[in-house]
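Below, read A as the first sequence line, B as the second, and so on, with proteins coming before strands; counting in each chain starts at 1. Predicted, not measured: the structure shown is a model, and the values here were computed from it.
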There are 2 protein chains.
Amino acid sequence: MTPPPPPVPDLTELPDAELLKLDHQVCFSLQAASRAFGGVYREALGDLGLTYPQYLAMMVLWEHGPLPVKTIGERLHLDSGTLSPLLKRLEAAGLVRRERSPEDERSVMVRLTDAGTELRERALPVPRSILRATGLSVQEILALQETLGRLTASLGRVV
Amino acid sequence: MTPPPPPVPDLTELPDAELLKLDHQVCFSLQAASRAFGGVYREALGDLGLTYPQYLAMMVLWEHGPLPVKTIGERLHLDSGTLSPLLKRLEAAGLVRRERSPEDERSVMVRLTDAGTELRERALPVPRSILRATGLSVQEILALQETLGRLTASLGRVV
DNA sequence: CATCATTTAGTTGTGCGCAATTAAATTGTG
DNA sequence: CACAATTTAATTGCGCACAACTAAATGATG
């Protein structure tokens, strides 16, 4: 990928103008990729009637079974301000039910309905088509995720 | 869409169930990093009274001078549905003026006010602090950008 | 030149993402 | 036990992203 390690500039040596460009590019690249993913997912998930964040929430439930809102939020790094309306929409679509936990009345358990469980079958082929659309090899994807993980940790906003 | 020899990633060996796990979603890593950037930018730009998308728009104007809305949108891959209210907010903040072009009355020219031009000085140290916050080396950043660029191109949603 | 198509912004509506606040239940402590 | 602190969701408000639509100006065509 980058076989020859040429004179590698340190951040402290670069002029502001250069940093401005670099900064612009890296954040912009990130958002552009994120937005491109959004478009592909919108197409892939349109038939299922899910948005991408809704799909993420469904995946957590498919994988782990009934969970309180808090746990879903931890898995997705989302707070109740985002999740509450999202889960309400999933409930309105008949995919989940929300009911307060008997043992702890603060907590709201979210569980799949039959329709929500069955939707998993139709969602199974989605990841493969998405990954194929990236044009990246498995190794590249893993390397990318590793870098992004470190980046996110450094930026320190795990929420 | 991709007539040239498709460099098919080696995904065929992994079972669907494995792919469907949250941990294997590149997109999730990407969005997490993107949101983490948002948080850091929010802190860095708070003093300037700018959001990150507003900062991007200001950067385009700082770099290129007065531009029609359409051109700003092309630079940032944003449409009028996003830009119109954003530019209105910048105008309300006294940073830009918007006036219809005399030679083409359809087009709206956006130009910096004095306050908008002067804001650039206060924005200059932002990129360095952002890049430092990433914890990545310059070569890692360049490699990341390269991968993200290919990714975005493959996903094919440049706008 | 009259009409239709295209271009350019704006508007509306939906759905995040997040900060700040509120309300209720639970826990901890004197 | 009483009361303060904490936990858990929900709500409100703001801004962005995008689709779908509208309105106005311009360009193209017969």
Side-chain angles (χ1 to χ4, degrees), chain A residues 27-28 30-43 45-46 49-57 67-74 76-93 98-110 152 155 157-159, chain B residues 27-28 30-43 45-46 49-57 67-74 76-93 98-110 157-159:
Chain A
C27 287
F28 197 76
L30 210 54
Q31 290 215 337
S34 197
R35 205 133 25 80
F37 258 114
V40 173
Y41 267 110
R42 195 171 303 120
E43 189 174 350
L45 295 174
L50 293 176
T51 65
Y52 175 63
Q54 289 166 8
Y55 167 71
L56 287 180
L67 290 175
V69 174
K70 176 182 173 52
T71 307
I72 300 176
E74 285 168 354
L76 303 181
H77 304 315
L78 294 173
D79 68 1
S80 65
T82 301
L83 277 180
S84 288
L86 185 153
L87 293 172
K88 270 188 177 177
R89 283 186 283 271
L90 289 181
E91 187 174 45
R98 299 178 308 141
E99 40 202 26
R100 296 212 97 93
S101 167
E103 58 268 11
D104 188 340
E105 292 272 342
R106 293 171 301 183
S107 158
V108 168
M109 287 298 287
V110 183
T152 304
L155 294 176
R157 302 271 311 179
V158 191
V159 178
Chain B
C27 191
F28 184 76
L30 210 54
Q31 290 213 339
S34 196
R35 272 189 284 128
F37 256 117
V40 173
Y41 267 110
R42 195 171 303 119
E43 190 174 348
L45 296 174
L50 292 177
T51 66
Y52 175 61
Q54 289 166 7
Y55 168 70
L56 287 180
L67 290 174
V69 173
K70 175 181 172 52
T71 307
I72 300 176
E74 286 169 353
L76 304 180
H77 302 315
L78 294 174
D79 67 0
S80 66
T82 301
L83 277 181
S84 287
L86 186 153
L87 293 171
K88 269 190 177 178
R89 284 186 282 271
L90 289 181
E91 188 174 43
R98 299 179 308 140
E99 40 201 26
R100 296 213 98 92
S101 168
E103 57 265 14
D104 188 341
E105 292 272 341
R106 291 171 301 183
S107 158
V108 167
M109 287 297 287
V110 183
R157 298 264 311 177
V158 189
V159 175

**Request:** Compare side-chain N and O positions of A:Arg42 against OP1 and OP2 of D:dC18 and report whether any pair is under 4.0 Å apart.
**Result:** no
**Message:** Measure NZ/A:Lys70 against C1'/C:dT26 and give the value in whole Å, please.
**Reply:** 14 Å
**Prompt:** Could you state the CD-C1' distance from B:Glu43 to C:dA19, rounded to the nearest angstrom?
**Reply:** 14 Å
**Request:** Please report, rounded to the nearest Å, how far the P atom of D:dT8 is from the CD atom of A:Glu99.
**Result:** 19 Å
**Item:** B:His77 backbone acceptor or donor facing A:Arg35 side chain under 3.5 Å
**Value:** yes
**Request:** Starting at atom CG of A:Leu87, determine the distance to atom C1' of C:dG17, rounded to an integer number of angstrom.
**Result:** 14 Å
**Message:** Main chain of B:Met109, side chain of B:Arg100: is a donor-acceptor contact present, judged purely on distance under 3.5 Å?
**Reply:** no
**Request:** Assign B:Pro85 to base, sugar-phosphate, or nothing according to its heavy-atom contacts below 4.0 angstrom with the strands shown.
**Result:** nothing
**Request:** Indicate, with a heavy-atom threshold strictly under 4.0 Å, whether B:Leu86 touches base, sugar-phosphate, or nothing.
**Result:** sugar-phosphate
**Prompt:** Between the side chain of B:Ser84 and the main-chain N/O of B:Ser80, is any donor-acceptor distance below 3.5 Å?
**Reply:** yes
**Message:** Please confirm whether the shortest side-chain N or O distance from B:Arg106 to OP1 or OP2 of C:dT6 is below 4.0 Å.
**Reply:** no
**Complete:** Side-chain contact check for B:Val108: nearest option of C:dG10, C:dG17, D:dT26 is C:dG10
**Request:** Please tell me if the side chains of B:Tyr52 and A:Gln31 come closer than 4.5 Å, counting only heavy atoms from C-beta onward.
**Result:** yes
**Complete:** Among the nucleotides C:dA9, C:dC18, D:dC18, whichever has the atom closest to the side chain of B:Arg35 is C:dC18
**Complete:** Of C:dG10, C:dC16, D:dA19, the nucleotide closest to the side chain of B:Asp79 is D:dA19
**Prompt:** Does OP1 or OP2 of D:dA10 have a side-chain N or O of A:Lys88 closer than 4.0 Å?
**Reply:** no
**Asked** Counting only side-chain N and O atoms of B:Ser107, is one of them less than 4.0 Å from OP1 or OP2 of C:dA9?
**Response** yes
**Message:** Need one value for A:Thr82: base, sugar-phosphate or nothing, where a base atom within 4.0 Å counts as base even if backbone is also close, heavy atoms only.
**Reply:** base
**Request:** For A:Leu83 and C:dC16, give me the distance from atom CG to atom P, rounded to whole Å.
**Result:** 10 Å
**Fill in**
Whichever of A:Gly81 and A:Asp104 has the more 5' nearest nucleotide on DNA chain C, that residue is A:Gly81
**Fill in**
A:Leu45 CG to C:dG15 C1', in whole Å, measures 14 Å
**Asked** Under 4.0 Å: is that the gap between some side-chain N or O of A:Gln31 and OP1 or OP2 of D:dC16?
**Response** no
**Where A:Ala57 and A:Leu86 come nearest, the two heavy atoms and their spacing** = CB-CD2, 4.0 Å
**Request:** Starting at atom CZ of A:Arg100, determine the distance to atom P of D:dT7, rounded to an integer number of angstrom.
**Result:** 17 Å
**Item:** Gap between atoms CG and C1', on B:Leu78 and D:dG15 respectively (whole Å)
**Value:** 13 Å
**Item:** Distance below 4.0 Å between B:Ser80 side-chain N/O and C:dA9 OP1 or OP2
**Value:** no
**Request:** Please report the shortest heavy-atom distance between A:Val69 and A:Val110, naming the atom on each side.
**Result:** CG2-CG2, 3.9 Å
**Message:** OP1 or OP2 of C:dT14 versus the side-chain N and O atoms of A:Arg89: is any pair under 4.0 Å?
**Reply:** no
**Asked** Within the modelled atom types, does a donor on one side and an acceptor on the other bring the side chain of A:Thr51 and the base of C:dG15 under 3.5 Å apart?
**Response** no
